[in-house]
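The next block holds one structure in the form of structure tokens; read it before the comments.
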Amino acid sequence: MTGLALDAASVAPIRRGTRPRRYRIGWLLPPAIVVAGFFGYPLVLVILQSFTAQDGSFGLSVWAQVLSSPEFGRAVWQTVLLALGSTVGCVLLGGFLALVVAFVPFPGATVLARLVDTVLAFPSFLIALAFTFLYGGAGVFGTAGFLYSPWGVLLAEITFYTPFVMRPALAAFSQVPSGQLDVAASLGARPGRVLWRVVLPEALPSLASGACLVLLLTMNEFGIVLFLGAKGVSTLPMLVYGKGIVTFDFPSASVVAVVNVVLSLALYAVYRRVVGGGGRRAAVDAA
């Protein structure tokens with residue numbers, strides 16, 4: 001009986017170890033089917049449509065026409081400029097606000113940090129609606145010319161996406177050891193030097209990851225630009241909307257959409273690399 005029990009005990013771990021491998025494919029099939037059905041299949045259709053002209057011919061004629069058009073070049077240029085400007089503005093404003101909340105004690109700092117978390121759940125068009133009430137033709141300040149310009153779009157995007165930088169910066173600043181700050185102050189370092197040599201290096205990975213995330217999101221921003229209706233502002237998402245919904249030029253819209261997807265995937269790869277690098281650095285520092 002003892003031998004049988006030992007044999008059963010020795011076999012049981014083997015079965016427990018082989019059971020996940022046997023059913024691993026079965027567990028992976030449902031999510032793989034969902035991803036393929038809701039993302040892969042539509043993406044393949046868009047790619048195929050981008051190579052199909054309106055007369056039904058298959059080739060690169062649509063790509064050549066769209067990529068050589070002035071409106072596509074203008075849309076790419078304005079998309080990149082708005083995304084870079086919004087990212088720089090969000091990093092500067094979000095980093096400054098995070099520094100104030102983390103190192104300057106004042107009543108309501110905790111409430112302000114909670115409000116930042118709440119803003120992250122808002123849709124982007126609410127910021128555009130609020131800006132319309134403030135800066136629209138019938139708004140409080142009545143500067144409609146500013147609101148419906150690229151500067152208005154830039155300000156709205158900075159306002160909406162600043163919490164995406166501020167939140168990780170707050171988390172990074174809260175993890176700065178107070179002993180390092182005390183040692184630097186005892187050695188006679190000025191506050192600016194402490195900030196530049198001690199605080200910012202610790203928060204640099206978080207700021208970089210937040211900047212990459214904002215760059216990715218603003219590159220694909222659609223609601224703010226559409227809701228404001230800024231004159232002369234043509235981004236890649238707006239160009240997809242105009243060609244696909246307004247003029248029903250689906251092949252051209254598919255080309256612009258594929259370019260936008262490729263740019264987004266490239267930025268996402270950079271974002272994952274930055275986040276992974278920050279995580280490895282934190283692990284090395286902890287070790």
Side-chain angles (χ1 to χ4, degrees), residues 79-136 139-141 146-147 150-176 195 199-228 230 233 235 237 263-264 267-268 270-279 282:
T79 301
V80 173
L81 283 182
L82 284 174
L84 291 177
S86 300
T87 302
V88 172
C90 289
V91 170
L92 294 178
L93 182 59
F96 173 75
L97 293 177
L99 279 173
V100 172
V101 173
F103 297 107
V104 181
F106 63 93
T110 305
V111 176
L112 181 60
R114 296 294 181 267
L115 287 177
V116 171
D117 295 337
T118 305
V119 173
L120 294 176
F122 288 168
S124 60
F125 72 88
L126 285 182
I127 298 297
L129 181 62
F131 271 45
T132 303
F133 289 144
L134 289 175
Y135 306 109
V140 177
F141 301 101
F146 163 78
L147 179 63
W151 294 104
V153 176
L154 181 64
L155 181 60
E157 291 186 354
I158 292 175
T159 303
F160 179 73
Y161 288 108
T162 292
F164 289 85
V165 176
M166 182 179 174
R167 190 58 201 169
L170 273 175
F173 290 150
S174 64
Q175 295 178 359
V176 176
L195 175 65
V199 177
L200 287 183
E202 294 291 335
L204 187 59
S206 297
L207 290 174
S209 63
C212 292
L213 180 60
V214 170
L215 184 63
L216 174 63
L217 294 175
T218 52
M219 186 74 72
N220 297 279
E221 178 56 43
F222 176 72
I224 291 177
V225 183
L226 178 66
F227 199 91
L228 289 180
V233 178
T235 60
L263 290 176
S264 300
L267 288 176
Y268 180 74
V270 174
Y271 169 72
R272 293 300 304 171
R273 185 176 182 85
V274 171
V275 172

Response to the item:
When every non-hydrogen atom of Phe227 is compared with those of Phe125, the smallest separation belongs to CD1-CB, 4.2 Å
Worksheet item: Do any N or O atoms from the side chain of Ser209 and from the backbone of Ser206 form a donor-acceptor pair under 3.5 angstrom?
Response: yes
Practice prompt. Any chance you could measure Ile127, atom CD1, to Ile158, atom CD1, to the nearest 0.5 Å?
Written response: 12.5 Å
Discussion item. Testing the basics here: between Glu221 and Ser124, what is the closest heavy-atom pair and its distance to 0.1 Å?
Written reply: OE2-OG, 3.2 Å
Worksheet, complete the sentence: Shortest non-hydrogen pair, Val270 vs Cys212, comes out as CG1-SG, 4.1 Å
Worksheet item: What distance do Leu207 atom CG and Cys90 atom SG have between them, rounded to the nearest 0.5 Å?
Response: 12.0 Å
Fill in: Inter-residue atom distance Phe164.CZ - Leu215.CG, 0.5 Å rounding
14.0 Å
Worksheet, complete the sentence: Between the OG1 atom in Thr162 and the CZ atom in Phe96, the distance rounded to the nearest 0.5 Å is 12.5 Å
Worksheet item: Are any of the side-chain heavy atoms of Leu154 and Ser86 separated by less than 4.5 Å?
Response: yes
Worksheet item: Shortest non-hydrogen contact from Ala156 to Ile224?
Response: CB-CG2, 3.7 Å
Discussion item. To the closest 0.5 Å, what do you measure between CG (Leu82) and CH2 (Trp151)?
Written reply: 10.0 Å
Worksheet item: In Å, rounded to the nearest 0.5 Å, how long is the span from OH of Tyr268 to CG of Leu213?
Response: 10.0 Å
Practice prompt. List the atom of Ala203, the atom of Phe173, and the distance in Å for their closest heavy-atom pair.
Written response: CB-CE2, 3.2 Å
Worksheet item: Can you check whether Thr159's main-chain N or O pairs, donor with acceptor, with Glu157's side chain at less than 3.5 Å?
Response: no
